*Asks:* 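I have a structure here, written as structure tokens, and I will follow up with some questions on it.
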Amino acid sequence: MTVVKNHQLTPLPVSFYDRDAVRVAQELLGKLLVRQSPGGRTVGRIVETEAYLAQGDPACHATRGMTRKNASMFGPPGRAYVYAIHARWCFNVVVQPRQVASAVLIRAVEPLDGVPLMQQRRGPAKPADLTRGPARLCEAFDIDRRLDGWQLGAGRRLWIAEGHPTWLSPNHIGCSPRIGVTSAAERHLRFYVRGNPHVSGPKRWRL
DNA sequence: CTACCGATTGACT
DNA sequence: GTCAATCGGTAGA
């Protein structure tokens with residue numbers, strides 16, 4: 001059963017990503033993450049993001065220079081940056097400025113389409129935990145290192161679409177420190193849809 | 001090659 | 001709330 005209409009799935013323009021990380025992180029809330037794979041299509045509404053900044057942010061993977069792992073962060077905006085942490089994958093979107101490296105981590109989505117496929121990939125996970133958390137979302141959407149550096153929307157594999165523009169009103173966006181980061185812990189660079197049950201993290205950071 | 005780390009998760013008290 | 005398994009990536013010998 002399909003909830004999302006095809007005309008809502010047009011990829012966002014590259015210019016959307018060519019702005020500062022905080023702005024993109026906030027405006028990504030409510031957008032649709034779309035994954036088309038041989039097994040079928042999955043769609044989720046983005047409900048939680050985190051910004052990682054090019055300047056003065058020791059938690060950003062790029063602060064100590066370019067390596068094979070983080071190379072796609074240094075490329076043009078609008079590409080995927082997929083990296084491994086604790087034996088799992090996390091999905092980021094590369095944003096402005098180019099050559100300096102900053103990104104937005106997609107931490108949680110609300111499942112809309114392709115739920116059976118997500119369940120199949122996630123195995124025995126509770127329905128509520130299908131896509132709640134950056135690595136869970138990647139497993140449900142079959143995102144791994146093969147998609148690192150993938151230009152979102154170039155070819156129907158992985159992209160982000162506008163969805164329903166009025167779904168979210170700005171005063172329903174909350175912010176908090178980033179989850180799990182051990183440096184720059186005081187900065188409020190995590191953004192989420194207030195009260196949405198698919199947001200991860202401690203309860204006080206979901207209200 | 002080995003040693004260590006981590007933007008996590010799932011199991012448990 | 002606590003805690004340990006997890007393994008790709010990095011740094012260094």
Side-chain angles (χ1 to χ4, degrees), chain A residues 17 20-26 28-29 33 44 46-75 77 79-96 100-111 118-150 152 158 160 174-193 197-207:
Chain A
Y17 305 101
D20 75 87
V22 169
R23 185 122 187 224
V24 175
Q26 292 169 336
L28 237 22
L29 296 176
L33 177 65
I46 297 170
V47 295
E48 183 183 358
T49 60
E50 286 177 357
Y52 289 84
L53 310 181
Q55 307 284 341
D57 182 7
C60 180
H61 286 166
T63 44
R64 283 194 285 273
M66 185 164 72
T67 65
R68 175 141 75 258
K69 158 175 153 174
N70 66 17
S72 52
M73 261 184 119
F74 290 82
R79 303 215 178 188
Y81 166 45
V82 181
Y83 72 93
I85 181 78
H86 292 280
R88 289 169 164 94
W89 300 108
C90 290
F91 167 62
N92 297 247
V93 170
V94 178
V95 300
Q96 185 198 62
V100 188
S102 61
V104 174
L105 171 69
I106 310 300
R107 279 198 61 90
V109 305
E110 174 179 338
M118 297 184 204
Q119 285 171 329
Q120 183 184 319
R121 289 168 175 157
R122 290 277 294 125
K126 289 190 302 179
D129 289 340
L130 256 194
T131 56
R132 204 164 68 82
R136 290 166 170 168
L137 160 181
C138 281
E139 188 173 37
F141 277 66
D142 190 33
I143 296 172
D144 61 22
R145 217 106 249 231
R146 293 170 306 182
L147 287 165
D148 181 53
W150 180 259
L152 302 172
L158 177 68
I160 297 174
C175 73
S176 81
R178 294 171 292 187
I179 291 176
V181 304
T182 50
S183 52
E186 76 291 351
R187 306 193 63 168
H188 284 41
L189 293 174
R190 169 177 174 266
F191 304 95
Y192 58 95
V193 177
H198 300 91
V199 173
S200 74
K203 187 176 285 181
R204 71 181 178 283
W205 287 354
R206 290 186 281 157
L207 303 177

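Remember, it's a predicted structure, so these values are computed and weren't measured experimentally. To find a chain, count down the sequence lines: A is the first, B the second, and so on, and within it residues start at 1.
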*Asks:* Do the side chains of A:Val109 and A:Val47 get nearer than 4.5 Å, heavy atoms only?
*Replies:*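 A side-chain contact is absent here, since even the closest heavy-atom pair is not under 4.5 Å.
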*Asks:* Tell me every residue that passes side-chain hydrogen bond (donor to acceptor under 3.5 Å, both in side chains) with A:Thr63, counting only those two or more places apart in sequence or in another chain.
*Replies:*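 None.
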*Asks:* By salt bridge (Lys or Arg N to Asp or Glu O under 4.0 Å), which residues pair with A:Arg23, not counting sequence neighbours?
*Replies:*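 Salt bridge (Lys or Arg N to Asp or Glu O under 4.0 Å) check on A:Arg23 returns A:Glu27.
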*Asks:* Once you round it to whole Å, what is the distance between C1' of B:dC5 and OH of A:Tyr83?
*Replies:*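 It works out to 13 Å between those atoms.
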*Asks:* Under the salt bridge (Lys or Arg N to Asp or Glu O under 4.0 Å) rule, collect the residues that match up with A:Arg178, sequence neighbours excluded.
*Replies:*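 Partners of A:Arg178 under the salt bridge (Lys or Arg N to Asp or Glu O under 4.0 Å) test: A:Asp57.
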*Asks:* Mind checking which nucleotides bracket the chain A contacts on DNA chain C, 5' to 3', with an atom under 4.0 Å from a heavy atom?
*Replies:*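 Range of nucleotides touched by chain A: C:dT6 to C:dT10.
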*Asks:* Is a donor from one side chain sitting under 3.5 angstrom from an acceptor on the other, for A:Ser176 and A:Arg190?
*Replies:*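 Their side chains do contain a donor-acceptor pair, which is all the 3.5 Å distance test asks for.
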*Asks:* Checking side-chain polar atoms at under 3.5 Å, does A:Glu110 have a donor or acceptor matched by the opposite partner on A:Thr131?
*Replies:*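 Looking only at side-chain atoms, A:Thr131 and A:Glu110 do not form any donor-acceptor pair under 3.5 Å.
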*Asks:* Who pairs with A:Asp20 by side-chain hydrogen bond (donor to acceptor under 3.5 Å, both in side chains), at least two apart in sequence or on another chain?
*Replies:*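 Partners of A:Asp20 by the side-chain hydrogen bond (donor to acceptor under 3.5 Å, both in side chains) criterion come out as none, since no residue qualifies.
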*Asks:* Verify the contact: side-chain N or O of A:Arg107 to OP1 or OP2 of B:dT8, cut-off strictly under 4.0 Å; return yes or no.
*Replies:*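 Yes, because at least one side-chain N or O of A:Arg107 sits under 4.0 Å from OP1 or OP2 of B:dT8.
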*Asks:* Who are the side-chain hydrogen bond (donor to acceptor under 3.5 Å, both in side chains) partners of A:Tyr52, not counting sequence neighbours?
*Replies:*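 Counting only residues at least two positions away or on another chain, A:Tyr52 forms a side-chain hydrogen bond (donor to acceptor under 3.5 Å, both in side chains) with A:Glu50.
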*Asks:* Does the side chain of A:Leu33 reach to within under 4.5 Å of the side chain of A:Leu137, using non-hydrogen atoms?
*Replies:*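 Answer yes - side chains close enough.
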*Asks:* A:Met73 CE to B:dA7 P: how many Å, rounded?
*Replies:*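 The distance from CE of A:Met73 to P of B:dA7 comes to 12 Å, rounded to the nearest Å.
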*Asks:* Step through the shown structure and confirm whether more than 12 heavy atoms of other residues, nucleotides or ligands are within 6.0 Å of CD on A:Gln55.
*Replies:*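 Open: at most 12 neighbouring heavy atoms sit under 6.0 Å from CD of A:Gln55.
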*Asks:* Less than 4.5 Å apart, any side-chain heavy atom of A:Gln119 and any of A:Leu130?
*Replies:*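 Touching, per the 4.5 Å side-chain cut-off.
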*Asks:* Using a heavy-atom distance cut-off of less than 4.0 Å, which residues of residues 55-71 of chain A contact DNA chain C?
*Replies:*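 By residue number: A:Thr67, A:Arg68, A:Lys69.
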*Asks:* Show your working on side chain to side chain contact (heavy atoms under 4.5 Å, CB included) between A:Tyr17 and A:Val93 and close with a plain yes or no.
*Replies:* CA-CA 8 Å; A:Tyr17 305 101; A:Val93 170; 3.2 Å; yes
*Asks:* Contact list please: residues 143-150 of chain A against DNA chain B, heavy atoms, distance less than 4.0 Å, in numerical order.
*Replies:*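 DNA chain B contact set from residues 143-150 of chain A: none.
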*Asks:* Donor-acceptor pairs under 3.5 Å, side chain of residues 81-91 of chain A to any protein atom, not counting sequence neighbours: which ones?
*Replies:*
{"unit_1": "A:Tyr81", "atom_1": "OH", "unit_2": "A:His61", "atom_2": "ND1", "d": "2.8"}

*Asks:* So do A:Leu53 and A:Cys60 actually touch side chain to side chain, heavy atoms under 4.5 Å?
*Replies:*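 No; the side chains remain at least 4.5 Å from each other.
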*Asks:* Quick one: A:Glu139 CD to B:dT8 C1', roughly how many Å, whole number?
*Replies:*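 Interatomic distance, CD of A:Glu139 to C1' of B:dT8: 12 Å.
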*Asks:* Suppose the criterion is salt bridge (Lys or Arg N to Asp or Glu O under 4.0 Å): which pairs have a residue in residues 131-144 of chain A, not counting sequence neighbours?
*Replies:*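 Sorted result for residues 131-144 of chain A: A:Arg35-A:Asp142, A:Arg122-A:Glu139, A:Asp129-A:Arg132, A:Asp129-A:Arg136, A:Asp142-A:Arg146, A:Asp144-A:Arg146.
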*Asks:* Compare all side-chain heavy atoms of A:Pro58 with those of A:Arg64 and state whether any distance is below 4.5 angstrom.
*Replies:*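 No, every pair of side-chain atoms sits at 4.5 Å or beyond.
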*Asks:* Let's see if you get this right: which residues in residues 87-95 of chain A place a heavy atom under 4.0 Å from DNA chain B?
*Replies:*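 Per residue number, the list reads A:Arg88, A:Asn92.
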*Asks:* Stem ranges for DNA chain C, with three or more consecutive Watson-Crick or G-U pairs under 3.5 Å?
*Replies:*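 Ordered by first number, the stems with DNA chain C (at least 3 consecutive pairs each) read B:1-6 with C:7-12, B:8-12 with C:1-5.
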*Asks:* Quickly work out the A:Asp129 CG to B:dT8 P distance and round it to whole Å.
*Replies:*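 That distance rounds to 15 Å.
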*Asks:* Looking at A:Arg122, does any N or O in its side chain come under 4.0 Å of the phosphate oxygens OP1/OP2 on B:dG10?
*Replies:*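 Checking B:dG10 against A:Arg122, a side-chain N or O does come within under 4.0 Å of OP1 or OP2.
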